[in-house]
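Note sheet for the following structure.
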Amino acid sequence: MAAVPADGDLAAEGQEPLLSSGGDDESRYGDVVEIQQHYRSRWRSIRIMYLTMFLSSVGFSIVIMSVWPYLQKIDLTADASFLGWIIASYSLGQMIASPLFGLWSNYRPRREPLVVSIAISVAANCLYAYVHLPTSHNKYYMLVARVLVGFGAGNVAVVRSYIAGATSLTERTSAMANTSACQAIGFILGPVFQTCFSLIGEKGVTWEIIDLQVNMYTAPVLLGALLGVINIILIFAIFREHQVDDMGRQCKSINFEAEESDYVDQDAQGSIDQVAVVATNILFFVILFVFAVFETIATPLTMDMYSWTRKEAVFYNGIILGAIGIESVIVFMVVKVVSKKYKE
């Protein structure tokens, strides 16, 4: 069991001691064990949120490079302008779902919106794998599938709010940097998975019993559906509600799942800097705006300029996007180190 700092050490660090000085040794030992269990449970739950963020990013990026060639294959009436709608549909679904899931998580345990959103993503990925089956209007089925995937990705707001509320002030910057790094790693591995699956080819194999084609276009989303099911299982098995104040003391919120503990602080966390929130959202919007341009035009542009086949476009653009993701992870790690150095 990890050592617990003494009351004097905590006071020296500007924190209130978590343990009272009174009581016999047996009672005090029981309190120490309880606090350690709470700490471990809190960080296990935070790591499950890291995984959820990672899978959300994978669901977004795993088909970016193959949407255009797959769209051309299943529906000859689709043009480049409709590709723009399909790409935008993901963000539209996420934009609608994020405030809804956020509002839900304010009044109910966060497990509920998390499980529902992931289940929607799993169903949407399965729909995407079957968009080739209808005899007409296939492009609209793909559009619906991507809207639902984006809707499921609205849990990003729940993930970030949980991590912000479950970490102390000294932990928060590092935890949020880890969250962004997991998101960036998802952006990396999504195209990498797609690149690997391109080796299967466009024909692939067909599972005739359920009319399922497993090829370079459908294998990535089927993997995403499988990972989503695993994520749901982990949320039920491991995830618990936790909230702490800026000093790391346990607080009680409306969506808190009661656990045995005598250290509950129900004081308000303080006012919110609205200007900082708006400025951060604008910066995030600009970043995603630039990324959306790349994801929309990269595949059709390279196919036209370099005469790449559908398979080559998926393979090479996947490598390019993976390299960009690696650069993003490096930046997030640098931010994490610098923030610790300057205590930001």
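All values reported here derive from a predicted model rather than from experimental measurement.
With values rounded to the nearest 0.5 angstrom, Ser45 atom OG is found 8.5 Å from Arg111 atom CZ. To the nearest 0.5 Å, the span separating NZ on Lys139 from CG on Leu83 amounts to 12.0 Å. For the atom pair OG1 of Thr167 and CZ of Arg172, the computed distance is 4.5 Å after rounding to the nearest 0.5 Å. Atoms CD1 and CD1, from Ile118 and Ile233 in turn, are 11.0 Å apart once rounded to the nearest 0.5 Å. Here Leu227 contributes atom CG and Ile62 contributes atom CD1; the two are 7.5 Å apart, rounded to the nearest 0.5 Å. Gln72 contributes atom CD, which lies 11.5 Å from atom OG1 of Thr77 (distance to the nearest 0.5 angstrom).
Partners of Trp308 by ring pair (Phe, Tyr, Trp, His ring centres under 6.0 Å), not counting sequence neighbours, listed by chain and number: Tyr306, Tyr316. In this view, Tyr70 and Tyr128, Tyr217 satisfy the ring pair (Phe, Tyr, Trp, His ring centres under 6.0 Å) rule, not counting sequence neighbours. Here Phe236 pairs with nothing under the ring pair (Phe, Tyr, Trp, His ring centres under 6.0 Å) rule; sequence neighbours left out. Taking Leu100 as the reference, Ile96, Phe151 meet the side chain to side chain contact (heavy atoms under 4.5 Å, CB included) condition, with sequence neighbours excluded. Partners of Pro99 under the side chain to side chain contact (heavy atoms under 4.5 Å, CB included) rule, at least two apart in sequence or in another chain, do not exist in this structure. Under the side chain to side chain contact (heavy atoms under 4.5 Å, CB included) criterion, Phe285 pairs with Phe289, sequence neighbours left out. In this structure, the side chain to side chain contact (heavy atoms under 4.5 Å, CB included) partners of Ile200, at least two apart in sequence or on a different chain, are Phe197, Ala219. Among residues two or more places apart in sequence or in another chain, the ring pair (Phe, Tyr, Trp, His ring centres under 6.0 Å) test is passed with Phe54 by none. For the side chain to side chain donor-acceptor pair (under 3.5 Å) test, no residue two or more places apart in sequence or in another chain qualifies with Thr135.
The nearest pair of heavy atoms linking Asn215 to Gly201 is CB-O, 3.4 Å. Ala129 and Leu212 make their closest contact through CB-CD1, 4.1 Å (heavy atoms, listed as atom of the first residue, atom of the second, distance). The shortest heavy-atom contact between Gly224 and Asn125 is C-ND2, 3.8 Å. Between Thr218 and Val214, the shortest heavy-atom distance links the atoms OG1-CA, 3.3 Å. Nearest heavy atom pair, residue Asp79 against residue Ser81, reads OD1-OG, 2.7 Å. Across all their heavy atoms, Ala78 and Leu71 have their closest contact at CB-CG, 3.4 Å.
The backbone N or O of Gly102 sits less than 3.5 Å from a side-chain atom of Ser105, completing a donor-acceptor pair. Formation of a donor-acceptor pair under 3.5 Å by the Ser180 side chain with backbone atoms of Met176 is found in this model. A side-chain donor-acceptor contact under 3.5 Å links Gln194 to the backbone of Met216. In terms of modelled atom types and a separation under 3.5 Å, the side chain of Ser41 and the main chain of His38 share no donor-acceptor contact.
Linking ILVMFWY side-chain heavy atoms closer than 4.5 Å, directly or via other members, places Val205 and Ile210 in a single hydrophobic cluster. Taking hydrophobic clusters as Ile, Leu, Val, Met, Phe, Trp and Tyr residues chained together by side-chain heavy-atom distances below 4.5 Å, Val278 does not share a cluster with Leu283. Side-chain heavy atoms closer than 4.5 Å link hydrophobic residues (I, L, V, M, F, W, Y) into clusters, and following such links, even through other members, never connects Val147 to Tyr141. Hydrophobic clustering of Ile, Leu, Val, Met, Phe, Trp and Tyr side chains at less than 4.5 Å, counting indirect connections, keeps Val275 apart from Ile282.
Using a 4.5 Å heavy-atom threshold, the side chains of Met142 and Val67 count as touching. The shortest distance between side-chain heavy atoms of Arg42 and Ile46 falls below 4.5 Å. The side-chain heavy atoms of Cys182 and Tyr50, taken from C-beta on, include a pair separated by under 4.5 Å. Side-chain contact between Met49 and Arg110 is absent, with no heavy-atom pair separated by less than 4.5 Å. Using a 4.5 Å heavy-atom cutoff, the side chains of Leu234 and Phe239 are not in contact.
Of the candidates Val115, Ile230, Leu51, Val115 is the only one forming a side-chain contact (heavy atoms from CB on, under 4.5 Å) with Ile235.
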N/O donor to acceptor pairs below 3.5 angstrom from side-chain atoms of residues 153-164, sequence neighbours left out:
{"residue": "Asn155", "atom": "ND2", "partner": "Ser117", "partner atom": "OG", "Å": "3.0"}
{"residue": "Asn155", "atom": "ND2", "partner": "Gly152", "partner atom": "O", "Å": "3.4"}
{"residue": "Arg160", "atom": "NH2", "partner": "Gln183", "partner atom": "OE1", "Å": "2.8"}
{"residue": "Ser161", "atom": "OG", "partner": "Ala157", "partner atom": "O", "Å": "3.2"}
{"residue": "Ser161", "atom": "OG", "partner": "Val158", "partner atom": "O", "Å": "2.9"}
{"residue": "Tyr162", "atom": "OH", "partner": "Arg240", "partner atom": "O", "Å": "2.8"}

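Note: Trp43 and Tyr39 have tilted aromatic rings, judged against thresholds of 30 and 60 degrees for the angle between ring planes.
Applying the ring-ring contact (aromatic ring centres under 6.0 Å, His included) rule to pairs touching residues 74-96 yields Phe60-Tyr90, Phe82-Tyr140, sequence neighbours excluded. Legend: side-chain hydrogen bond (donor to acceptor under 3.5 Å, both in side chains) pairs involving residues 220-238, not counting sequence neighbours, sorted by first then second residue: Thr52-Asn231.
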